[in-house]
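To keep things clear, I will list the structure first and then write my remarks on it.
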Amino acid sequence: MKKYLLPIMALALTFTFVACGDDDDDPKPSNQQQQGGQQGGATTINYLYSFAKSTYALADETTVTLSITNAKDGSSVIANEDIKVTLNVVADETTAEEGTDFEIPTKEVTIQKGKNKVDFTVKGLTAPANDKNTIVIKPSFGIKNVNAGMPDKVKIILVGSFAKELVGTWVMKEIPTDADFLNSYWGGMATFGDEFPAFNSGDELTITETTIKPAFTSNFKNFFKNEATIEPVGSYNGVRSVFTYQPIDLSIYKLTGVNRYFSATETSPSDVAYIGVRNITDEVTSETLLDVYIIDYESHSFAPEFLDPEMYMYGSFDGTPYVANSTGLYINFIMKKKAE
């Protein structure tokens, strides 16, 4: 029975990145192109196209990069002619409404002769509901010798103004679900001891549009081990407050580059996990705070009792991949913007 003990005993936008060919503004021509030039004419080259990232977050505006490589061996290549690109919205995978929620100002772009990439812009017009916030774009080309690489299409998630508010350096303010709270919550059934992250006012997170860079002294460093990529997933209200037991509306981000085991000695096979975040307002200072929920981990340090298969604590019960989203299991901490 999945996490049945919780209410009874406790009463409570990169950007997965996919490598593209060559991002140099002026890449060197391949041997094949050089030979074609020596023969006095352009050599036909089979190209592979791919996007710089599979997923982008869109608040007001985002720039998407599409590039080409040599299909023969993936080597650096430049276009030996202008390549016209049409940006097509994939209707059956797009939930946002073009013209209402977003627009692509220029849907016909060109990879110019002598170049290997082109940028295009997508603009957000509104912040739609959670089930209408996805845009999928796939290109078509004016020549036949361009084949699909990976990723062959790009997903853009409308996140409204929150994405801009997320960017910056944040310092620790408080940990509502600290070890004392969780030990009390579980009434001795689990041990949240020295391995659990303790409050440290020097702990920092620097967030950009595509990365999250930790600077932790506390044991949060055992989860946020290195710089990780950050990718917006959407919204979620499956987390309930430990204080009111009411649902919390969170923006969910996929992190790649963390340690799911939350351990200084063991590293999880997968380095992907999910966190939920939202902005709240300090009731005293009126400053904007970052409210963070680690909802996807499997501790191999604190609360070792939860690894007992009989307890079945880590696992999804609502179809999401978030295995630690239950009250008394997720970890909540609050940060404030670092002073300039």
Side-chain angles (χ1 to χ4, degrees), residues 1-12 16 175-199 212 214 216 218-226 228-231 233-248 250 252-277 291-333:
M1 295 193 308
K2 180 76 179 74
K3 305 178 186 174
Y4 65 93
L5 295 174
L6 290 175
I8 297 174
M9 296 187 175
L11 297 179
T16 300
I175 306 175
T177 58
D178 61 11
D180 288 342
F181 175 89
L182 291 172
N183 281 323
S184 175
Y185 183 93
W186 286 101
M189 286 185 58
T191 308
F192 295 83
D194 293 341
E195 296 297 323
F196 192 83
F199 175 79
I212 185 167
F216 285 117
S218 75
N219 283 339
F220 277 116
K221 67 180 184 293
N222 295 331
F223 179 81
F224 296 98
K225 294 187 73 70
N226 303 295
T229 61
I230 184 168
E231 176 184 335
V233 172
S235 298
Y236 180 63
N237 66 351
V239 169
R240 291 183 178 273
S241 166
V242 293
F243 303 106
T244 66
Y245 210 61
Q246 295 302 307
I248 302 168
L250 299 173
I252 303 298
Y253 284 83
K254 176 182 176 181
L255 306 185
T256 303
V258 298
N259 182 13
R260 294 178 56 83
Y261 284 173
F262 230 120
S263 170
T265 59
E266 294 184 71
T267 300
S268 57
S270 170
D271 67 348
V272 174
Y274 296 84
I275 62 171
V277 294
D291 195 21
V292 182
Y293 295 76
I294 302 179
I295 59 175
D296 187 34
Y297 70 91
E298 179 187 302
S299 174
H300 283 218
S301 54
F302 55 84
E305 298 87 351
F306 289 161
L307 291 176
D308 185 340
E310 293 294 323
M311 293 197 72
Y312 189 42
M313 293 304 299
Y314 297 110
S316 175
F317 64 90
D318 61 1
T320 67
Y322 324 137
V323 304
N325 59 0
S326 296
T327 308
L329 192 58
Y330 66 73
I331 302 170
N332 173 216
F333 61 90

In Å and rounded to the nearest 0.5 Å, what is the [atom1] to [atom2] distance from [X] to [Y]?
X	Y	atom1	atom2	value
Arg260	Thr267	CZ	OG1	13.0 Å
Ile248	Thr327	CD1	OG1	8.0 Å
Ile275	Asn332	CD1	CG	11.5 Å
Leu250	Asn237	CG	CG	8.5 Å

Does any N or O in the side chain of [X] come within less than 3.5 Å of the main-chain N or O of [Y], such that one atom is a donor and the other an acceptor?
X	Y	value
Asp296	Val323	yes
Gln246	Ser241	no
Asn325	Ile295	no
Tyr330	Thr177	no
Arg240	Ser326	no
Ser270	Val272	yes
Ser268	Asp271	no

Can you give me the closest heavy-atom contact between [X] and [Y], atom names plus distance?
X	Y	value
Tyr314	Tyr297	CD2-O, 3.2 Å
Met313	Leu329	O-CD2, 3.6 Å
Glu195	Asn219	O-ND2, 3.1 Å
Pro197	Phe262	CG-CE2, 3.7 Å
Glu305	Met189	CG-O, 3.6 Å
Pro304	Ser301	CD-O, 3.8 Å

Below 4.5 Å, heavy atoms only, C-beta onward: do [X] and [Y] meet side chain to side chain?
X	Y	result
Tyr274	Tyr236	no
Asp178	Phe199	no
Tyr261	Glu298	yes

Item checked: Worked verdict on Ile252 versus Tyr322 for side-chain contact (heavy atoms from CB on, under 4.5 Å) -> CA-CA 10 Å; Ile252 303 298; Tyr322 324 137; 3.4 Å; yes
Next item on the list: For a ring-ring contact (aromatic ring centres under 6.0 Å, His included) with Phe181, tell me which candidate from Trp186, Phe192, Phe196, Phe243 qualifies.
Entry: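 So the option named by the test is Phe243.
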Next item on the list: Classify the angle between the aromatic ring planes of Phe220 and Phe224 as parallel (below 30°), tilted (30 to 60°) or perpendicular (above 60°).
Entry: tilted
Next item on the list: For side-chain hydrogen bond (donor to acceptor under 3.5 Å, both in side chains), just list the numbers for Asn259 and Asn222, CA-CA rounded to whole Å, side-chain angles, deciding distance to a tenth of an Å, and then say yes or no.
Entry: CA-CA 7 Å; Asn259 182 13; Asn222 295 331; over 6 Å; no
Next item on the list: For Asp308, look at atom CG and say whether over 12 heavy atoms of other residues, nucleotides or ligands are found less than 6.0 Å away.
Entry: yes
Note to self: Looking only at side-chain N and O atoms, does Ser263 offer a donor or acceptor that is under 3.5 Å from a partner on Thr265?
What the structure shows: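 There is such a pair (donor and acceptor under 3.5 Å, judged by atom type) between the side chains of Thr265 and Ser263.
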